[in-house]
Number of protein chains: 2
Amino acid sequence: MGSGYVTLEQVARHAGVSLATASRVLNGSTRQVGRTLRDRVTASAHELGYLANASAQTLARNTSSLVGLIVHDIADPYFSSIASGVTRAAEDEGLVVVLGTTGRTPQRELELLSTLRSHRARAVVLAGSRTVEEETTRRLADEIATFTGRGGRIACVSQEGLPADTVVPDNRNGAAELARHLIGLGHRRFALLAGPTNLRTARDRLDGFHAALSAAGIELDPRNVVHGAFTRDGGYESTRRLLAAGTDATCLFAVNDVMATGAMAALRDAGLHVPRDLSVAGFDDIPTLRDLTPGLTTVRLPLEWMGEEAARLALSEDAAEEPQTVSVSGEVVVRESTAAPTAG
Amino acid sequence: MGSGYVTLEQVARHAGVSLATASRVLNGSTRQVGRTLRDRVTASAHELGYLANASAQTLARNTSSLVGLIVHDIADPYFSSIASGVTRAAEDEGLVVVLGTTGRTPQRELELLSTLRSHRARAVVLAGSRTVEEETTRRLADEIATFTGRGGRIACVSQEGLPADTVVPDNRNGAAELARHLIGLGHRRFALLAGPTNLRTARDRLDGFHAALSAAGIELDPRNVVHGAFTRDGGYESTRRLLAAGTDATCLFAVNDVMATGAMAALRDAGLHVPRDLSVAGFDDIPTLRDLTPGLTTVRLPLEWMGEEAARLALSEDAAEEPQTVSVSGEVVVRESTAAPTAG
DNA sequence: CGAACGGCGGAAAGAGTTTTCCACCAGGGG
DNA sequence: CCCCTGGTGGAAAACTCTTTCCGCCGTTCG
């Protein structure tokens, strides 16, 4: 019946053994089966083309081989790098990755988590920065609690403050170190492409940058801080607004690389030369963007590694009582998009 | 027992109805349930926090809500763009995407397909070019036949010749059109970054380009055709070899954008200016690479759309007897990386 | 030499749904 | 007044495995 699928029972019958024995030979590992029967079963299974029904196994074992991966947008190289690490780690363990994309909708994130729960996913990696809004964070925390309460494991990338293991880049220090480097080049007037106001990651990078400026006694003109989408086009748009309003900055810091890319495009379109007219720096060191010219000065994050590490955390058996946090520091990578400000 | 999960039976008992009724209210749609009981059931389900067990449903219904997506490398923007389209289409249907990465190993591709079969995936999208090798293609075709024979559906992106629906870019014509444009600019001596010798996509683009040259009476110096990996680093390396051997070409065509990116980097490192010293063109129009400078002349493929379309094909109910092929044509996009050859 | 034991095979009880069939009830036509 | 019909609820089989428990056999210890 079952649309042509061979069942374990058929294999057992073909081999002349019981269901239990067939199961023990082909899947279960707990108990030994005698050489003779073992061979008969494997031969039958092979001959009939048996393939275990994963759903039935999940149901019977009450644990699946699924690992969830939730990202905002898989086409964004930031997330696809993380995804690459996650899949590598999961596939190493013989697990299967379920990919969900939120499109940056908190509601969708909850739905996905619930779907994964209904599939009894063994673990979930949640990538993508949280907003600072109380309400959605609380609901997400609830959903996470339910998930872990049911025996699932969760790890987050870049989302501190949730009740789960977390791999979190040191955004503040990375941005601060970058700021110090730029100050060292001689810059004093900065413009900031700050991203969305409510995005945690954006805010942390901003804060770190700002703190370093303050420490150096540098004021930041509020008109030089412009908010916009966390995307390439957001960077482009923000930069146009900045230029339209007129700016005295000699250096522009975009809180991520894709925004910086948009900024460079906008500057180019405006006939400005980087770094001669304006220095530009980003954050993340997206691999695909390493070939931009001029090369983008940025803060390198080991994105694939972060994905791998998150997956490892989520899959580790030693369920620590307290959520662990792995902090990863960024490394300032100096390229040609930044230079000393031209005199004047 | 079941690690805290609420079962349908508990809901039924709580609502004072039978299992069948509860199932009909909460999941099945075939039959009507009276208003009173319906409300009681939904109320109980909500109160107890019921969430259906997807594995049990898959088992009982004998069809799952999983859609497989197999790519070579999710960090490659080519694949992540396609993946973005596939996930969008799948999520629109309320389905869940299972992501598998092959690392370009044919063996791994077979394993993944088998895993997806064991999960009773409803459909699979297979992205990534095939090699021209008979043996692996045959085995893949076998596996695909088994899959579809069991009621699954498969669609391929960019892999003609398999027994499945296919979305295939018109690589030959795209490359030919690009060649004609370049010839129109005045180029006569071309160098080709040809990618791996055994990769179907690479070969088709090569052939199309070559055909257009021949049609224009242009000879291609075999020493100007260099093979290498289909990656950014492959492009870099191939270009270095080309330069080391010395070349008289005025225009370099890389069979995909990421190789072209590597080529531009290598040229830059060699102190050559694009397009003054050498024009460069690619293929794909990867979104993330649109901000390179100089802008890369290339052939645009609607990658996300191709992923969506493949998913739609794989999910369409009207299982046509014969595999369908959707051909998508590329559009030459002219940017600054190509120019007329400098006199001399 | 009897009893305890260790190893291995099988029967059967789940795991959580869906779905088929049957039963019941009210209403309408003969 | 009886029978058939249409609508609704329930009992139970099915889906495919895993795993517990039980029984059998041949050893080995006391």
Side-chain angles (χ1 to χ4, degrees), chain A residues 1-42 44-45 48-65 115 117-122 150-151, chain B residues 1-42 44-45 48-66 117-120 150-151:
Chain A
M1 179 101 291
S3 62
Y5 271 104
V6 177
T7 73
L8 190 59
E9 192 185 351
Q10 294 172 36
V11 174
R13 194 161 24 234
H14 186 272
V17 302
S18 77
L19 210 50
T21 302
S23 171
R24 291 199 265 254
V25 171
L26 297 175
N27 310 306
S29 48
T30 10
R31 270 187 46 178
Q32 292 286 349
V33 172
R35 184 63 188 271
T36 330
L37 293 193
R38 165 178 302 276
D39 289 351
R40 282 229 301 275
V41 171
T42 45
S44 295
L48 299 180
Y50 172 72
L51 182 64
N53 181 322
S55 305
Q57 290 186 316
T58 299
L59 183 58
R61 294 182 174 147
N62 197 29
T63 116
S64 80
S65 54
T115 304
R117 191 150 59 83
S118 92
H119 281 275
R120 302 296 185 266
R122 171 182 305 207
R150 298 290 191 275
Chain B
M1 182 99 291
S3 61
Y5 272 105
V6 176
T7 72
L8 189 58
E9 192 184 352
Q10 294 172 36
V11 175
R13 196 167 14 238
H14 186 272
V17 302
S18 77
L19 212 50
T21 303
S23 172
R24 292 197 265 255
V25 172
L26 297 174
N27 312 306
S29 48
T30 11
R31 271 187 45 180
Q32 291 287 347
V33 172
R35 184 61 189 270
T36 331
L37 294 194
R38 166 179 301 277
D39 290 351
R40 281 229 302 275
V41 171
T42 45
S44 295
L48 299 180
Y50 171 72
L51 182 66
N53 181 322
S55 305
Q57 291 186 315
T58 299
L59 184 58
R61 295 180 174 149
N62 197 30
T63 114
S64 79
S65 55
L66 265 39
R117 190 149 59 82
S118 92
H119 281 274
R120 302 296 184 267
R150 299 290 189 277

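Chain identifiers are assigned alphabetically (A, B, ...) following the order of the sequence lines, protein sequences preceding nucleic acid strands; residue numbering begins at 1 within each chain.
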Please report, rounded to the nearest Å, how far the [atom2] atom of [N] is from the [atom1] atom of [X].
| X | N | atom1 | atom2 | answer |
| --- | --- | --- | --- | --- |
| B:Asn53 | D:dC15 | CG | P | 18 Å |
| A:Arg38 | C:dC8 | CZ | P | 10 Å |
| B:Arg150 | D:dT16 | CZ | C1' | 15 Å |
| A:Glu9 | D:dC15 | CD | C1' | 11 Å |
| A:Asn62 | D:dC17 | CG | C1' | 13 Å |
| B:Arg13 | C:dG16 | CZ | P | 12 Å |
| B:His119 | D:dC15 | NE2 | C1' | 17 Å |
| B:Arg40 | D:dT8 | CZ | P | 16 Å |

(message) Whether the side chain of B:Ser23 engages the backbone of B:Leu19 through a donor-acceptor N/O pair (distance < 3.5 Å, no angle test) should be reported.
(response) no

(request) Could you tell me whether a side-chain N or O of A:Arg120 sits under 3.5 Å from a main-chain N or O of A:Ser64, the two making a donor and an acceptor? (result) no

(request) List the steps, then state whether side-chain contact (heavy atoms from CB on, under 4.5 Å) holds for A:Leu8 with A:Arg13. (result) CA-CA 9 Å; A:Leu8 190 59; A:Arg13 194 161 24 234; over 6 Å; no

(message) I'd like to know if the side chain of A:Thr115 pairs up with that of A:Ser118 as donor and acceptor (distance under 3.5 Å, no hydrogens or angles considered).
(response) no

(message) Under a plain distance cut-off of 3.5 Å, with no hydrogens placed, do B:Thr21 and B:Ser18 share a side-chain donor-acceptor pair?
(response) yes

(request) Would you mind telling me which residue lines up with the more 5' stretch of DNA chain D, B:Ser18 or A:Leu59, judged by nearest nucleotide? (result) B:Ser18

(request) Start with the C-alpha gap between A:Asn53 and B:Leu59, add the side-chain angles, then the distance that decides, and say whether side-chain contact (heavy atoms from CB on, under 4.5 Å) holds. (result) CA-CA 8 Å; A:Asn53 181 322; B:Leu59 184 58; 4.0 Å; yes

If you restrict it to nitrogen or oxygen atoms, what contacts under 3.5 Å exist between nucleotides 18-23 of chain C and the protein, and what is each distance?
residue	atom	partner	partner atom	Å
C:dT18	OP1	B:Asn27	ND2	3.3
C:dT18	OP1	B:Gln57	NE2	2.9
C:dT18	OP1	B:Arg61	NH2	3.0
C:dT18	OP2	B:Ser23	OG	2.3
C:dT18	OP2	B:Asn27	ND2	3.1
C:dC21	N4	B:Arg31	NH1	3.3

(message) Nearest heavy atom decides the nucleotide; on that basis, is A:Val17 or B:Thr7 closer to the 5' end of DNA chain C?
(response) A:Val17

